[in-house]
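To find a chain, count down the sequence lines: A is the first, B the second, and so on, and within it residues start at 1.
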Amino acid sequence: MRVGLACPYTWDVPGGVQAHIRDLAEALIHLGHEVSVITPADDESTLPPYAVHAGKALAVPYNGSVARLLAGPVSLSRVRRWLRENDFDVLHVHEPAAPSVSLMAALLATQPVVATFHTSNPRSKILSAFEIPMQIALEKIQARIAVSEAARRTIVEHLGVDGVLIPNGVDVAAFQGAAALAGWAPTPERRAIGFLGRIDEPRKGLAVLLDALPELARRVPDVRLLVAGPGNVHETRRRIPKSLHDQVELLGLVSEDVKPRVFRSVDLYCAPNTGQESFGIILLEAMAADTAVVASDIDAFRRVLDDGRAGRLFPVGDASALADVLAGLLTTPADRHHLAERGRDVVRAYDWPVVAQAVVQVYEAVTGIATSTWGPVGRGA
Amino acid sequence: MLLVVLVVALVVAVATYLTWIASRLDRLAVRVEGLWAALDGQLSARAFAAHELAHQVDDVVLHAAARAAGAAEGDDREVAENRLSRALRAALPEGIDETSRDAPALSVAAAGIPASGATSGRTSVAAHLPPRAVDDPVLAHLPECAREAAIDLEVVLVKVALARHFYNDAVRDLLTLRHRRLPRLLHLYGRAHAPSYFEFDSSVPESRRALSGDESRRATSTG
């Protein structure tokens, strides 16, 4: 199938939507589809071969922060040319409620339009100025995909229509193959717990884990904690009792390719978040790395962890309950392995090839093209 | 003079508004039409796949229903498709059931997870196309030769469910606008026929109800 993907945000600025589009594009290409992405970018040379430059985006306040998405008349003509030259079977726009390349593409499209909604709050002040083009675009969209239950609720509430839930994917293979960091090799003696996320953002809950540490160290004396994420390292270190300093390693910000290695360096991954998350992608990544998960009992985590069967849940913010759960799992490898095994089953549904295939089914449902049954990209391809 | 200006302004405003509504009606009608074509295509694919399965399991009822659905047109279409649905429910093993997959919030889990443990690499298309492996226990009751057909059929059922959901969605949008007072009074939609929802008889036979999926599936199957 010939698929056109429209990305609203600047490609070379890191972000979840951009990463999603990149992974989806690559998974679709791998499935044998022809894919072209149109996106704004600051530096055209950073674009992958399947992407087309739509010009530079302008900064506009969107969704509570400043996003760079609005693009000018140059972009409009580039989008038009991109659509004309490619003759896509389906156009897949991301975040079309934002004034951007996605909105332009949806307005100009003559083929079926699929839209993916990422954010859980698509309304902002700037949008009122674009009400008419937005209404037109939304009326043209034939299928809506939401990447999380929260995003789906948002489109039901704001747009009055339902969407199909297809979650973000995880590159399972990248996480499974990673090697542990130096000094953290998996040995029968290792008792290591991992944390990933901003260390001074209260909602990420590192404080809860640090509060649990003294009790945990009393029950499991050789426990070690590996913390990766941006934030004030000195400030955080001060909150750890002196006697435990040697047992906590604060890595600071790590790059995307070190992330899998962090998961592989620990026996348990802990997500002590105290605020609502829209989706627990980080848990899936831990599960993809075969690491057992302990997470606070919030909706998104409960959903991803299959009601606690694929990872242990503890009451939000309860440090002593957390210490209890962690100590229990660190001292019973069999339970840990059992959780990791269940996690592996769960994460299979989120592997990019599977997620991309689900997206293709949506494409087929709006185009009537049935490639997976007897089409050109069918069996044996 | 002021009166003239006011009248002209009013006329322009009304004309603009009516043009806007008419263009919306037109746009929604185009969407409904496109999605009907897509649903039609997926229903044909279903009839074809059902035909294959009927052939493999030697099921005359299913065979006849598939043929009828493939040939039906116009008003007979919905009746014929529903007959095929019932025949499929009788023929397919428990656990493969279009109603269990006929959900607006169709999650990726319901859309099919490869049952074999192919997690380590991105293998060929065929490796994760079929939602189930041939040795999936759900398929155990089927003769071996029919399992491939059942797997194909299940893939098509997911797409039929999606296509029907998107189509009905578009029909609802269009009907909502058509039923507004002004478009109705002024016949802004011209002679275009009112589209109708494509309803599936999704009643599950008593004997199967207990087996058709878990809580989450039931909770979402409200299409």
#### Entry: salt bridge (Lys or Arg N to Asp or Glu O under 4.0 Å) between B:R24 and A:E139, intermediate numbers included
CA-CA 8 Å; B:R24 285 186 62 195; A:E139 279 172 358; 2.4 Å; yes
### Query
Could you walk me through whether B:R31 and A:V113 pass the side chain to side chain contact (heavy atoms under 4.5 Å, CB included) check?
CA-CA 10 Å; B:R31 179 167 137 219; A:V113 183; over 6 Å; no
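Atom CZ of A:R302 has more than 12 heavy atoms from other residues, nucleotides or ligands within 6.0 Å. The environment of B:H55 atom NE2 is sparse: at most 12 non-hydrogen atoms of other residues, nucleotides or ligands sit within 6.0 angstrom.
Residues A:Q135 and B:W20 are in side-chain contact: their nearest non-hydrogen atoms beyond the backbone lie under 4.5 Å apart. Under the 4.5 Å side-chain criterion, counting only non-hydrogen atoms from C-beta, A:R144 is in contact with B:D169.
Distance check, rounded to the nearest 0.5 Å: CD of A:Q142 to OH of B:Y167 gives 12.5 Å. In this structure, CD1 in A:I141 is found 11.0 Å from CG in B:D173, a value given to the nearest 0.5 Å. Between A:Q361 atom CD and B:Q42 atom CD the span is 9.5 Å, to the nearest 0.5 Å.
Looking at A:I136, the atoms closer than 4.5 Å to chain B (heavy atoms on both sides) sit in the backbone and in the side chain alike.
The two residues B:A38 and A:A365 have their closest heavy-atom pair at CB-O, 3.2 Å. The minimum heavy-atom distance between A:V164 and B:L162, with the atom names listed, is CG2-CD2, 3.7 Å.
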